[in-house]
Amino acid sequence: MGDGVVGERRQLINVAYRLLGSLAEAEDAVQEAYARWYALPPSRRDEIASPGAWLTTVTGRVCLDVLGSARARRERYVGAWLPDPLPGRAGRPHGTSGDPADQLVLDESVTMAFLVVLETMTPAERVAFVLHDVFRYPFAEVAAVLDRTPAACKQLAASARRRVRTGAPAPAGGQAETVRRVKEAWEAKDIAALVDLLDPAAVMTADGGGLAGAALRPVEGGPHIARYMAGIAEKAPGLELLERPVNGTPGLVARRAGTVLTVAAFDLAADGRVARIWVIRNPEKLRVWAGDGAPSPR
């Protein structure tokens, strides 16, 4: 019997990444759930009618503990903490490796905009919302994870839902065109063109984790962001910009000598201009991008 449970790994990684926003932490949570499963006496495992539900419950509880301690860790983090960016499927055979990034289903619940909203929720709200609204687990199962009544879990999911912006996302085609124009204006160091593409109230948040240069506070306002981007272009000769999907939506990757140094995700305002830019430069969060686009130099 042990090994019907192995097939649950992909679903568990998908749940844990949405709960934690970190590939490494998601993988650790799933490993811990499997370790607890294999630590059960065989007779106890045989009594469990649905190993998948048991593993989901345990993974959810582990994630809840991680989210509780993550708050304190993220307060000590240098600058802003952003979720791990996921590569698109271009050049990555989906689901064929043991790499957790290859197991992830890229849908609207992993866009950077959505994950950043999840970060504003309490741990219990996030667990209730992700398990029920994203993965459709019934509240009776959510209650087992949170150790609360189904009615209390329903209230948590409702309060989480209020935090999720109701605006419909920009169509991917529109976003791809806008991102392409941002790339061209950045490469040309054309501040006026960048200002035109940015919402006047746009916000750019960067995550360097203290390991790579990044603005420690969000840069606010289209003109400020445009000047900041143009300044980076001046200081970064030899940087190659590539259009790549980031968490399933059009984004940009900056590479030098075959190494990915920066991944940028975008969210558009209703008028099609860029409202939010999330820039991930922490090299620990970019490991999964190592093979992007072209072989890294040997």
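Nothing here was measured: the structure is a model prediction, and the numbers come from that model. Because only heavy atoms are used, hydrogens play no part in the values below, and waters and symmetry mates are left out as well, while side chains stay in.
Linking Ile, Leu, Val, Met, Phe, Trp and Tyr residues whenever their side-chain heavy atoms come within less than 4.5 Å leaves V195 and M229 in two separate clusters. Under the 4.5 Å side-chain contact rule for hydrophobic residues, I280 and L211 do not share a cluster. When hydrophobic clusters are built by joining Ile, Leu, Val, Met, Phe, Trp and Tyr residues whose side-chain heavy atoms come closer than 4.5 Å, directly or via intermediates, I191 is not grouped with V203. In terms of hydrophobic clustering, with Ile, Leu, Val, Met, Phe, Trp and Tyr side chains grouped at heavy-atom distances under 4.5 Å, L197 and V279 are assigned to a common cluster. Taken together through direct or relayed side-chain contacts under 4.5 Å among Ile, Leu, Val, Met, Phe, Trp and Tyr, L12 and Y137 form part of one hydrophobic cluster.
Contact annotation: the side chain of D133 approaches that of R161 to within less than 4.5 Å [non-hydrogen atoms, C-beta and beyond]. Contact check for R45 versus W54: no side-chain heavy atoms found under the 4.5 Å cut-off. Side-chain atoms of E240 and L242, non-hydrogen and from C-beta on, do get closer than 4.5 Å to each other. Contact annotation: the side chain of E220 never approaches that of M204 to less than 4.5 Å [non-hydrogen atoms, C-beta and beyond]. Between V5 and W37, the closest side-chain pair of non-hydrogen atoms falls below 4.5 Å. Side-chain contact between N282 and Y77 is present, with heavy atoms from C-beta onward closer than 4.5 Å. Side-chain contact check for E243 versus L252: some heavy-atom pair is nearer than 4.5 Å. Within the 4.5 Å cutoff, no side-chain heavy atoms of L194 are placed close to those of I225.
Relative ring orientation between Y34 and Y38 is described as parallel, the plane-to-plane angle staying below 30° on a 0-90° scale split at 30° and 60°. Between H132 and F139, the ring planes lie parallel to each other; the angle is under 30°, not in the 30° to 60° tilted range.
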* Take W278 and V116, measure what side chain to side chain contact (heavy atoms under 4.5 Å, CB included) needs, and give me the verdict at the end. => CA-CA 10 Å; W278 296 282; V116 166; 3.7 Å; yes
* Evaluate side chain to side chain contact (heavy atoms under 4.5 Å, CB included) for E25 paired with Y17, printing each intermediate quantity in order. => CA-CA 8 Å; E25 288 179 351; Y17 171 75; over 6 Å; no
* To do: Dump the intermediate steps for side chain to side chain contact (heavy atoms under 4.5 Å, CB included) on L268 and T178, then the final yes or no.
  => CA-CA 9 Å; L268 303 193; T178 300; 3.9 Å; yes
* **Worked check of salt bridge (charged side-chain N to carboxylate O under 4.0 Å, His left out) between D107 and R18** => CA-CA 11 Å; D107 62 20; R18 286 161 177 81; 3.3 Å; yes
* **side chain to side chain contact (heavy atoms under 4.5 Å, CB included) assessment of F114 paired with V164** => CA-CA 8 Å; F114 193 81; V164 177; 4.1 Å; yes
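The nearest pair of heavy atoms linking P123 to L67 is CB-CB, 3.8 Å. Nearest heavy atoms, P83 versus L115: CG-CB, 3.7 Å. The minimum heavy-atom distance between A206 and A80, with the atom names listed, is O-CB, 3.6 Å. The heavy-atom pair separating A33 from T59 by the smallest distance is CB-OG1, 3.2 Å. Nearest heavy atoms, A124 versus R148: CB-NH2, 3.6 Å. The shortest non-hydrogen separation linking V130 to V15 is CG1-O, 4.4 Å.
Side-chain polar atoms of S69 and R73 form a donor-acceptor pair below 3.5 angstrom.
Note that the CG atom of L156 and the CZ atom of R126 stand 14.5 Å from one another [nearest 0.5 Å]. Atom-to-atom distance recorded for R256:CZ and T262:OG1 is 9.0 Å, nearest 0.5 angstrom. T57 contributes atom OG1, which lies 6.5 Å from atom CD of E141 (distance to the nearest 0.5 angstrom). Atoms CD and CZ, on Q31 and R9 in that order, are 6.0 Å from each other to the nearest 0.5 Å. The CG atom of L55 lies 8.5 Å from the OG atom of S50; values are rounded to the nearest 0.5 Å. Atoms CZ and CG, on R74 and L82 in that order, are 10.0 Å from each other to the nearest 0.5 Å.
Taking 4.0 Å as the cut-off between side-chain N and carboxylate O, K285 and D207 count as a salt-bridged pair. Checked for salt-bridge contact, R61 and E32 miss the test: no charged N lies under 4.0 Å from a carboxylate O. Between E177 and R180, at least one side-chain nitrogen of the basic residue sits less than 4.0 Å from a carboxylate oxygen of the acidic one, meeting the salt-bridge criterion.
Environment of NZ in K154: sparse, with no more than 12 heavy atoms of neighbouring residues, nucleotides or ligands closer than 6.0 Å. The environment of CZ in R276 is crowded: more than 12 heavy-atom neighbours from other residues, nucleotides or ligands sit within 6.0 Å. Annotation: D271, atom CG; neighbour count of heavy atoms from other residues, nucleotides and ligands within 6.0 Å is above 12.
Between the side chain of D267 and the backbone N or O of A275, no donor-acceptor pair lies under 3.5 Å. A donor-acceptor pair under 3.5 Å is formed between the side chain of N247 and the backbone N or O of L86. Panel note: side chain Q155, backbone A152; no donor-acceptor pair is recorded below 3.5 Å. Side-chain atoms of Q103 do not come within 3.5 Å of backbone N or O of N14 as any donor-acceptor pair.
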